[in-house]
Amino acid sequence: MTIEFDIRLSDHRTPADERERLLENPGFGQTFTDHMITIRWDAEHGWHDARLEAYAPLTLDPATAVFHYAQELFEGLKAYRRADGSIVAFRPYANAARFNTSCERMAMPPLPEETFVRSLELLVDADRDWVPTQEGHSLYLRPFIIATQRGLGVNSPSSSYLFIVIASPSGSYFTGGIKPVSVWLSEEYTRAAPGGTGAAKCGGNYAAAFVAQAQAVQEGCDQVVWLDANEHRWVEEMGGMNLFFVYGSGADARVMTPALTGTLLPGITRDALLKLAPDLGVPASEGRISTDQWREGNASGELTEVFACGTAAVITPVGRVKSAKDEWLVGSGEPGPVTMRLREELVGIQYGDRPDPYGWIHKI
Ligand code: PMP
C-alpha cells in the first residue's frame with residue numbers, strides 16, 4: 001500500500017532574490033529549502049500522517065527518547081540539475097535500502113522503499129528552484145528518522161517514530177581545483193567493533209568520531225582514517241568516505257577497497273565504483289590492507305594512488321598519510337590519473353555528460 005501525502009505548501013517561501021543570494025555560495029548544510037517531509041509511525045497505525053509542509057522547527061518533549069539513547073539514523077544523497085534544466089537523483093533506491101538496513105540494526109521500523117523515494121521526489125519537486133544551476137553544485141537531501149516516544153525507559157525501543165526529509169543546497173567541494181587531502185591514521189580511537197553499529201548510518205557513530213577528527217586536525221591533517229578495532233592495523237574507511245587503493249599504473253592499474261566487514265559503512269559511491277571501474281578496464285576488488293602495507297606499498301611504488309569516495313565530495317585524492325610514528329606521501333602527493341578518470345566518469349554520469357548504462361539516474 002502506498003501512503004498518500006498531504007501537500008501543504010508553505011505560504012511564506014523565501015523571496016526569489018533572497019534565494020538567489022543564498023544559492024551563490026551555499027557551502028554545505030547551512031541553508032535549507034522552504035519545505036520538508038514528515039511521516040509518523042506508531043504500532044497501531046504503522047506509517048501514517050505523511051506530509052509535505054513548510055520547513056519549521058520541531059517541538060519535542062525533553063524526555064523524548066532520541067535525546068537520551070540516540071535511537072536515530074540518517075541518509076544522505078544529492079539531486080543534480082543538468083545542463084538541460086532537468087533534475088535527477090543518483091541511486092535513491094540504494095539509499096532507501098541502506099536506510100532500512102540501518103533501521104533493522106537500530107530496532108526501528110523499515111520504511112517502504114517507494115515511500116522513501118516518493119518523499120524525495122515530492123520535496124525536490126516542491127523546492128525545484130532551490131536546486132543549484134552552478135557547475136558542481138547540487139541539492140543535498142537528508143532523510144532521517146528519530147525515536148519520539150516520551151519517557152526514559154532504556155530497555156526497549158521507542159514505540160513511535162518520526163521520519164523527516166530536509167534539503168540543503170550545497171556548493172562544490174572543489175573550489176580552486178581538486179586538492180588531495182591529508183589523513184591521520186587513528187590508532188587511539190576506533191569507530192566500530194564487530195557486532196556494533198559501524199555498518200549503520202546512525203548519528204552515534206558520528207558523535208563518537210568528532211574527538212578523533214579533532215585529533216587529526218591537531219596533527220595537521222584534514223581527515224581521520226579508521227582502523228579495525230581488534231588489531232588497530234587494518235584500514236577501514238575515512239571520516240565520511242570509503243577508501244580505494246590503486247595498484248600499478250596505465251593498462252596494469254587495478255583498484256581495491258576494504259571489504260564490508262560489518263564495521264564500515266557500505267557506501268553507495270563505493271558500490272558504484274566497484275561496477276564502474278572494471279567497465280573502464282580497471283579491475284576492482286574488495287580486500288584488505290594494513291597500515292604497514294600501505295606505507296610499504298607507497299615506498300616500493302606498487303601502490304600508486306589512494307582516493308576516498310562518497311556522496312559529498314564524489315572522489316577525493318589522498319595525498320599524505322600520517323600516524324603517531326610515520327608520515328609519507330601517496331605517489332607524488334598529487335591527484336593520480338586513475339583517481340581523476342574514475343571521478344570524471346562518475347560525475348559525468350551524475351550530470352548527464354555520460355550515458356548511464358547502469359540505471360543509476362532517477363529523474364525527478
Ligand atoms: N563512510 C561513512 C562513514 C559515511 O558517512 C559515508 C557518507 N554516507 C560514506 C562512507 C560514503 O557513503 P556514500 O557513498 O553512500 O555517500
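Remember, it's 1-based here, ligands and their atoms both numbered in the order they're listed. Residue numbers count from 1 along this sequence.
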**Item:** Residue Gly267 vicinity, atoms of ligand 1 by number, heavy atom under 4.0 Å
**Value:** 12 (O), 13 (P), 14 (O), 15 (O)

**Atoms of ligand 1 close to Gly310 [distance to a heavy atom under 4.0 angstrom, numbered from 1]** =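 Going through ligand 1 atom by atom, the ones under 4.0 Å from Gly310 are 11 (C), 14 (O), 16 (O).
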
For [atom], the protein heavy atom that lies nearest, with its residue and separation:
atom	value
atom 7 (C) of ligand 1	Gly240 O, 3.3 Å
atom 1 (N) of ligand 1	Glu237 OE1, 2.6 Å
atom 5 (O) of ligand 1	Tyr206 OH, 2.5 Å
atom 14 (O) of ligand 1	Thr269 OG1, 2.6 Å

**Short side-chain donor-acceptor distance under 3.5 Å, Ser158 and Gln71** =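 Short answer, no.
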
**Item:** Shortest reach to atom 10 (C) of ligand 1 by a heavy atom, considering only Thr311, Ile268, Asn242
**Value:**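 Comparing heavy atoms across Thr311, Ile268, Asn242, the nearest one to atom 10 (C) of ligand 1 lies in Asn242.
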
Presence of salt bridge, [Y] and [X], under 4.0 angstrom:
X	Y	value
Arg21	Glu18	yes
Arg40	Asp42	no
Arg270	Glu237	no
Asp228	Arg288	no

**Prompt:** Out of curiosity, is Ala94 lining ligand 1, as in a heavy atom under 4.0 Å away?
**Reply:**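 No, Ala94 has no heavy atoms under 4.0 Å from ligand 1.
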
**Item:** Heavy-atom gap Lys201 to ligand 1 smaller than 4.0 Å
**Value:**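 It does, in that a heavy atom of Lys201 comes within the 4.0 Å cut-off of ligand 1.
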
**Request:** Look only at interatomic distance and state if Arg270 has a nitrogen or oxygen under 3.5 Å from any nitrogen or oxygen of ligand 1.
**Result:** no

**Request:** For ligand 1, find out whether one of its N or O atoms is nearer than 3.5 Å to an N or O atom of Pro266.
**Result:** no

**Fill in**
Nearest heavy-atom contact between Pro317 and Ile178 is CD-CG2, 3.5 Å

**Prompt:** Which heavy-atom pair separates Trp360 from Ala272 by the least distance, and what is that distance?
**Reply:** CH2-O, 3.3 Å

**Request:** Answer yes or no: are there more than 12 heavy-atom neighbours, outside Glu104 itself, under 6.0 Å from its atom CD?
**Result:** no

**Message:** Does Arg150 have more than 12 heavy atoms from other residues, nucleotides or ligands lying within 6.0 Å of its CZ?
**Reply:** no

**Part of Arg98 with heavy atoms under 4.0 Å of ligand 1, whether side chain, backbone, both or neither** =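 The side chain, only.
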
**Asked** Should the proximity of Arg191 to ligand 1, defined as any heavy atom under 4.0 Å, be assigned to the side chain, the backbone, both, or neither?
**Response**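 The answer is the side chain.
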
